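Comments concern the structure below.
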Amino acid sequence: MGESISLQISFGIIAMLALSCNFVFCLVLLMDRRMLRQACNVFLFSLAVTDMLTGISLFVTPNYIIASEYFTIPGGIAGDLFCRLFYSQCIVFTLGIVSVYTLTFMAVERWYAVTRPHKYKDMFSKNKKYIYVGVVWLLSCLLNSPHALEMEMTTKNFTEPKCIWVTAISSKSTRQAVAFLEFLGKYFLPVFITCATFLSLQITVKKPGNLFLRRNGNAGVRLLRMCTFTAFVLAVCWFPNQLYYLLFKYNLTKLNVPWHHATVVLCMFNSCVNPWVYCVTNKTYRRKFAALLHKCFPRVAVNCETTSATAPFEGSTATDKRTKDNQTISTEKSVAFCVEKFNEVVSFDESEEVSRAADDNSRNPAQMEHEYEGTELGRVYSPTLKETAAK
């Protein structure tokens, strides 16, 4: 009983954090629509929406936050769909597969940006990047659709509708083979491709004379590092649960025991951690979070680099009017400084500049120099442009 309550509290905290943190991140992207011009941010937006839906699904799936006895199963087709999609936890884990494949497509997008800049614009145009998001959702639903066949609604031997597990495949060896193929398709292969791609890109951009580094500078490297860290966090959070479930299919582990519950908590925790990863690893997103916080709470002083408020001098008292006046002046200066710095960030959006730079090889050097003159990228491109124009 105590363990059940602890799990419900844990899932409740995870669900609320997933909803609130990812909602704030979506606001950050929607407040500056230019960020959504880049495919990478479109994938990040889709990932945030997926994590928010995960938080919602934890509330409506029995035995996560709300015990199964508090759910009334309707009769007919509605009850059968509820059993197959929600009671079986099909929706929750389908959303996990969506997260896995979203990061895989993001890795491919970064690979084109770094190694195939000439083809980047055609491969990730305005329409295609949304098509890729749709492909991710469709593929994930298809991969996890067999899971919906493992549970159904019945009234046999019951006074009211009940959800029961059924054996869709009678052969034990076939079930184990299918479980292994699902492990490869749903988790291992996409995660392996994602992590291997990001690791190779990290090595590529560090090579002397790398074109991506010359064109995008530290902005592109920080964005790549953030995506890499996000992918590895997802891999770590989901691996124990996926391995545990595979071993269960081979009768080596048991479900609904403390170790199994721990793996489920860990993989659900991934739905609320990504916005914090963005803040820690990329100062552009950190500044935009700070600016949004200032807009929502104007009287809170938010430093664009570190979120610290000015503290009174040691030994002062709360009733000291002079100290209060000093704090008020300091707060106003900090807010003004934050707004000023945010305006500078808006004028040079790293993610947008990285996207614009992806197809610069096909453009006239004189036109590029004129366009970027006086900007941050102008200082990065200037030597390259002069060298190209001379040739």
Side-chain angles (χ1 to χ4, degrees), residues 18-52 102-103 105-106 109-110 113 120-121 124-130 132-133 215-227 229-230 272-298 300-307 334-360 371-372 374-381:
L19 285 169
S20 57
C21 295
N22 287 287
F23 177 74
V24 171
F25 178 70
C26 289
L27 282 182
V28 167
L29 294 181
L30 292 174
M31 287 178 63
D32 189 356
R33 293 296 184 90
R34 296 178 306 167
M35 297 183 71
L36 290 175
R37 295 175 187 172
Q38 192 199 12
C40 184
N41 280 326
V42 172
F43 288 130
L44 290 175
F45 185 85
S46 175
L47 186 62
V49 171
T50 303
D51 289 339
M52 282 196 294
T102 298
L103 285 172
F105 273 70
M106 191 187 305
E109 183 269 341
R110 288 292 84 195
Y120 179 86
K121 187 175 182 180
F124 294 93
S125 62
K126 181 179 181 180
N127 295 327
K128 286 185 178 179
K129 57 191 177 186
Y130 295 108
Y132 296 147
V133 172
R215 288 176 174 273
N216 302 292
N218 291 329
V221 175
R222 282 194 294 268
L223 184 61
L224 179 60
R225 180 182 60 200
M226 182 192 77
C227 295
F229 198 74
T230 302
C272 66
V273 74
N274 286 333
W276 301 97
V277 173
Y278 308 151
C279 278
V280 171
T281 58
N282 195 306
K283 69 179 181 181
T284 295
Y285 295 97
R286 186 162 61 247
R287 286 171 173 174
K288 290 184 179 295
F289 274 117
L292 178 62
L293 179 62
H294 165 65
K295 180 172 288 189
C296 297
F297 306 98
V300 177
V302 183
N303 190 306
C304 294
E305 291 298 334
T306 57
T307 55
S334 298
V335 170
F337 173 76
C338 182
V339 173
E340 180 183 355
K341 295 297 289 183
F342 177 65
N343 290 334
E344 293 178 6
V345 174
V346 171
S347 65
F348 171 53
D349 190 321
E350 293 177 357
S351 58
E352 182 184 0
E353 298 297 343
V354 170
S355 177
R356 290 174 59 193
D359 61 335
D360 279 343
E371 180 178 348
Y372 292 128
T375 67
E376 182 72 17
L377 281 179
R379 291 192 288 273
V380 177
Y381 287 164

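Values in this document were obtained by computation on a predicted structure and should not be read as measured data.
- Remark: the Asn274 side chain and the Asn22 side chain contain no N/O donor-acceptor pair separated by less than 3.5 Å.
- Under a 3.5 Å cut-off, the side chain of Asn282 and the backbone N or O of Met226 do not form any donor-acceptor pair.
- Contact between Ala39 and Glu109 at its shortest, heavy atoms only, is CB-CG, 3.8 Å.
- Tested against Thr102, the residues Leu47, Val42, Val49 include a single side chain to side chain contact (heavy atoms under 4.5 Å, CB included) partner, Leu47.
- Atom NZ of Lys126 is separated from atom CG of Leu36 by 11.0 Å, given to the nearest 0.5 angstrom.
- If you take CZ on Phe45 and SG on Cys40, they are separated by 14.5 Å, rounding to the nearest 0.5 Å.
- Side chains of Val280 and Arg286 form no contact here, defined as non-hydrogen atoms less than 4.5 Å apart.
- At least one side-chain heavy atom of Tyr285 sits under 4.5 Å from a side-chain heavy atom of Leu44.
- A donor-acceptor contact shorter than 3.5 Å is absent between the side chain of Arg110 and the backbone of Cys227.
- A distance of 13.5 Å separates CH2 of Trp276 from CZ of Phe25, quoted to the nearest 0.5 Å.
- Between the CE atom in Met52 and the OG atom in Ser20 there is a gap of 10.5 Å [rounded to 0.5 Å].
- The OH atom of Tyr278 lies 10.5 Å from the CG atom of Leu223; values are rounded to the nearest 0.5 Å.
- Aromatic ring pairs are classed by plane angle as parallel below 30°, tilted from 30° to 60° and perpendicular above 60°; the pair Phe124 and Tyr132 is perpendicular.
- Although no hydrogens or angles enter the test, the distance criterion places a donor-acceptor pair under 3.5 Å between the side chain of Arg33 and the main chain of Leu30.
- For the pair Cys272 and Ala18, the tightest heavy-atom approach, listed with the atom from each and the gap, is CB-N, 3.5 Å.
- Taking NZ of Lys288 as the start and CE of Met35 as the end, the distance is 5.0 Å to the nearest 0.5 Å.
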